[in-house]
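Position 1 is the first residue of the sequence; numbering continues from there.
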Amino acid sequence: MSDDQKMPHLRKLRAQLAAGTLSRREFVRFATLIGIAAPSAYAMARLDLLPRARAAEMPAGGTLRVGTRVKDLKTPHTYSWGAYDSNISRQVCEYLTLTDEHNVTHPYLLEKWSVSPDLKTWTLNVRKGVKWRNGRDFTADDVVWNLKQITDAAVGSSFVGLVKGYLLKDVKGADGKSTTELWDANAIEKVDDHTVRLNCREPQISVPEHLFHYPAAMLFPEDKGIFQPGAQGTGPFELVQADTGKIAVVHKVKSYWGEAAHLDAIEFVDTGDDPAAAIAALASRQIHGVISADPVQYDALKAMPHLRLYQIQSAETAVMRFKVSEKPFDDPRVRRAMKLALNPAPIIEVALRGIGTPGQHSHCSPAQPDTQPIAALGTHVDQAKKLLAEAGHPNGFETTLYVPNDLPWIPAQAQAAAEQWKQIGVTVKLNVMPGAQYWDVWTKVPFGATIWYHRPLAMMILGLGYRTGVPWNESGYSNPKFDAILTQAEGTLDMGKRRALMGELEQIMQEDGPIAQPLFRNNFTFYDKVVLGAGIHPSSYFFGNQLALQKS
């Protein structure tokens, strides 16, 4: 029997590719999602498999020092800093899948997966031969424990936002408040020691990508969700030191199920909120690179001859979001007026030094293949004033925008936007706060500026941030029509139909949604030229086992 006969989804993808409604790169991405191995998918699309450096060509030994922020690492399932906290823990605790810098998803702790014709039953085959550092086998029991842990509303993982549409249902908690639980007792089912089955309430195509969401790391069940020095992992390193705000250190493990790491150790050095600190550390070669550079550092780092630039288009952005339960932002006319007042081009120049692309207040980026281009909202000051007058604010209003200072380009964006809002009579005062303080209240302030990192699909962002009742819905936005269309889009394999649904979602966000979002930034970083295997992932994910240090 041919692959097309065994896999009806593959037949549909081939038809879309032949009809030209699916690009070759999109074909590869979706073929891998339904379980086709990447080399086969690339061959079907008549594309060359992207080369990777062979481990034998990489020198062994040495300690790599990278600049970053060292956040509290204790609870990976509730992390909210993918570019910081998970980049340390991911060296120790691995994921079931891996979505690479080209948005192609590969098996990782899974050997493979398959999906039923109705996209509701996902069979996950756990890789055999994987061991925890203590020598115990990694099995289906570990997968089930972790998946049940991150879907438990009491844990508070953002993973709930991704899977609520197909694995969970709304219920009333003991306190009478709305919460979620697995929609069925067998939603997450152990089949045998190396097989797990997800029995979904609704069709879903993106399960493998969801399994790489950074809070979905596989933790050792007996560690009870706590990650600290000595915690078990299946990865190529072990955590030996974790001092919040200072340094975290991982050492190469002696026995690893995959290709051994080239480096002996990695030191993650906290370079603080001041961008000058990282510049000085790179100039003096105290560190070898930074996880992600800020636009204010670009010119200084570009001028250093011992550094190499790595850059990629991404969906990273900072939304200026309105709490829809708070006046005046409870009125969609006010929210739309705030968007109509903004001109993205000068904001991109001020905040990003021009290294970015315009946003359309939809939180959906051209870097995400499921995005449907929609008409730009444009800058319309007169329309904005009219909407404010209709909403009862003919003379505008005053408000405060709360902004974290740990990423300098975000206060710069906020200041540029505040200047533009003046022309519609809205006075926006900035309360620029230390990052540690802001992130304690980021879901509570009436008007806040929040960074959102890249996700391979725009649907993932919309599910994480704007679906009713999910943990990261910082605005409190709730739109039943939006939720229904999103769930439908998540279960649609036909790219044409999915893009049409995405266009509807983007239009809702632009017209009614709770954010003003004028830009996306290109992600970039710099590493010393002695670092081999370096690169940049659109989500700023860091993979220490791919790196080595050139011998002097």
Looking at K169 and E181, does any basic side-chain N land under 4.0 Å from a carboxylate oxygen? yes
Mind checking the CG-CG spacing from L340 to L387? Nearest 0.5 Å is all I need. 6.5 Å
Would you say the ring centers of Y298 and F524 fall short of 6.0 Å from each other? yes
Would you mind telling me which of Y84, W439, W81 makes a side-chain hydrogen bond (donor to acceptor under 3.5 Å, both in side chains) with D406? W439
Across all chains, not counting sequence neighbours, the side-chain contact (heavy atoms from CB on, under 4.5 Å) partners of K481 are N479, I485, I508
Run V115 and V207 through side-chain contact (heavy atoms from CB on, under 4.5 Å) and show every step you take. CA-CA 10 Å; V115 60; V207 168; over 6 Å; no
Residue pair N87 / Y214, side-chain heavy-atom distance below 4.5 Å: no
Show the nearest heavy-atom pair for residues L307 and L301, with the distance to one decimal. CD1-O, 3.8 Å
Are Q510 and Q507 side-chain neighbours, meaning at least one heavy-atom pair lies under 4.5 Å? yes
Are the side chains of D273 and R69 in contact, using a 4.5 Å heavy-atom criterion? yes
D330/K327 under salt bridge (Lys or Arg N to Asp or Glu O under 4.0 Å): CA gap, chis, key distance, verdict: CA-CA 5 Å; D330 59 339; K327 293 185 179 299; 3.3 Å; yes
Validation row: R335, D512 side chains within 4.5 angstrom (heavy atoms): yes
Restricting to side-chain contact (heavy atoms from CB on, under 4.5 Å), what partner residues turn up for S292, sequence neighbours left out? R521, N523, S540
Just how far is it from atom CD of E504 to atom CD of E506, taken to the nearest 0.5 Å? 10.5 Å
May I have all residue pairs that pass ring pair (Phe, Tyr, Trp, His ring centres under 6.0 Å) and include part of residues 364-386, sequence neighbours excluded? none
Can you find a heavy atom in the side chain of T180 that is under 4.5 Å from one in the side chain of V160? yes
Between H210 and Y166, does the ring centre distance come in under 6.0 Å? yes
Side-chain donor-acceptor contacts of residues 443-471 below 3.5 Å, not counting sequence neighbours, with atom names and distances?
unit_1 : atom_1 : unit_2 : atom_2 : d
T450   : OG1    : Y438   : OH     : 3.0
T450   : OG1    : E474   : OE1    : 2.8
W452   : NE1    : E474   : OE2    : 3.0
H454   : ND1    : A315   : N      : 3.0
R455   : NH1    : Y453   : O      : 2.9
Y466   : OH     : H363   : ND1    : 2.8
R467   : NH1    : G161   : O      : 3.2
R467   : NH1    : E490   : OE2    : 3.3
R467   : NH2    : T487   : OG1    : 3.3
R467   : NH2    : E490   : OE1    : 2.8
R467   : NH2    : E490   : OE2    : 3.3
T468   : OG1    : S478   : OG     : 3.0
T468   : OG1    : D483   : OD2    : 2.5

Carboxylate-amine/guanidinium contact K12 D494, below 4.0 Å: no
Please report the interatomic distance CD(E202) to CG(L168), rounded to the nearest 0.5 Å. 12.0 Å
Who are the side-chain contact (heavy atoms from CB on, under 4.5 Å) partners of D72, not counting sequence neighbours? K74, T244
What distance do H537 atom NE2 and H102 atom NE2 have between them, rounded to the nearest 0.5 Å? 9.5 Å
pair R498-L501: side-chain heavy atoms closer than 4.5 Å: no
side-chain contact (heavy atoms from CB on, under 4.5 Å) filter on T400, not counting sequence neighbours, yields Y402, K429, N431
Side-chain contact test, heavy atoms from C-beta onward, threshold under 4.5 Å: evaluate it for I205 versus T492 and give yes or no. no
Spatial distance of atom OH (Y527) from atom CG (L282) [nearest 0.5 Å]: 10.0 Å
Can you find a pair of side-chain heavy atoms, one from P203 and one from K120, that are under 4.5 Å apart? yes
